[in-house]
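Only this structure's heavy atoms are used, side chains among them; waters, hydrogens and symmetry mates stay out.
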Amino acid sequence: QFRLGELLRDGQAGAAPDAGDAMRLFERAARQRHTAAARELGLMLKRHDRRRAGEWLRQAADAGDREAVYQLGEVLHGDGRLDEARALFE
């Protein structure tokens, strides 16, 4: 699911880019605790649904994904939750 989501997100292997299908596949994989899928879903959601983005980035960050920690910090900072963002980087 994750790899197919990447292919659809990026429009690789002859597939046309399809963000909606990619997000659905990432979410399916993330619900099965796939850390990279949770991170990628969170990244895709950052512009449209920051609350949900934060939830998925938190899942990936809690699993040790360093990029997700950074991205979650940006979401929290952008939402004015500075103490929470700062705590991620300490």
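Every residue two or more places apart in sequence or in another chain that forms a side chain to side chain contact (heavy atoms under 4.5 Å, CB included) with Arg51 is listed here: Asp49, Glu55. Residues satisfying the side chain to side chain contact (heavy atoms under 4.5 Å, CB included) criterion with Asp10, sequence neighbours excluded, are Gln12. In this structure, the side-chain hydrogen bond (donor to acceptor under 3.5 Å, both in side chains) partners of Gln59, at least two apart in sequence or on a different chain, are Arg33. By the salt bridge (Lys or Arg N to Asp or Glu O under 4.0 Å) test, Arg28 pairs with no residue at all, sequence neighbours left out. Every residue two or more places apart in sequence or in another chain that forms a side-chain hydrogen bond (donor to acceptor under 3.5 Å, both in side chains) with Asp21 is listed here: Arg24. Contacts of Asp62 classified as side chain to side chain contact (heavy atoms under 4.5 Å, CB included), with partners at least two apart in sequence or in another chain: Arg58. In this structure Glu6 satisfies the side-chain hydrogen bond (donor to acceptor under 3.5 Å, both in side chains) test together with Arg3, sequence neighbours excluded. Scored by the side-chain hydrogen bond (donor to acceptor under 3.5 Å, both in side chains) test, Arg86 finds Asp83 as partners (sequence neighbours excluded).
Each ring pair (Phe, Tyr, Trp, His ring centres under 6.0 Å) pair with one or both residues in residues 11-31, not counting sequence neighbours, appears once here: Phe2-Phe26. For the ring pair (Phe, Tyr, Trp, His ring centres under 6.0 Å) condition, no pair includes a residue of residues 41-64, sequence neighbours left out. Applying the salt bridge (Lys or Arg N to Asp or Glu O under 4.0 Å) test to residues at least two apart or on different chains, the pairs with a partner in residues 36-45 are Arg9-Glu40, Arg39-Asp65. Applying the ring pair (Phe, Tyr, Trp, His ring centres under 6.0 Å) definition to pairs two or more places apart or across chains, none involves residues 57-89.
Note on Leu88: it clusters hydrophobically with Leu57, by side-chain heavy-atom contacts below 4.5 Å among ILVMFWY residues. Note on Leu76: it clusters hydrophobically with Val69, by side-chain heavy-atom contacts below 4.5 Å among ILVMFWY residues.
With rounding to the nearest 0.5 angstrom, the CG atom of Leu41 is 12.5 Å from the NE2 atom of His34. How far CG of Leu8 is from CG of Leu25: 6.0 Å, rounded to the nearest 0.5 Å. Rounding to the nearest 0.5 Å places CZ of Arg52 at 5.0 Å from CD of Glu27.
Ala22 and Gly5 make their closest contact through CB-O, 3.4 Å (heavy atoms, listed as atom of the first residue, atom of the second, distance). Between Gly73 and Ala85 the shortest heavy-atom distance is O-CB, 3.6 Å. A pairwise comparison of heavy atoms in Thr35 and Ala63 identifies OG1-CB, 3.4 Å as the closest pair. In this structure, Ala37 and Ala29 approach most closely via the heavy-atom pair CB-CB, 3.6 Å.
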(request) For the pair Lys46 and Glu74, evaluate side-chain contact (heavy atoms from CB on, under 4.5 Å) and give the outcome as yes or no after the intermediate values. (result) CA-CA 10 Å; Lys46 269 179 71 172; Glu74 281 197 340; 2.9 Å; yes

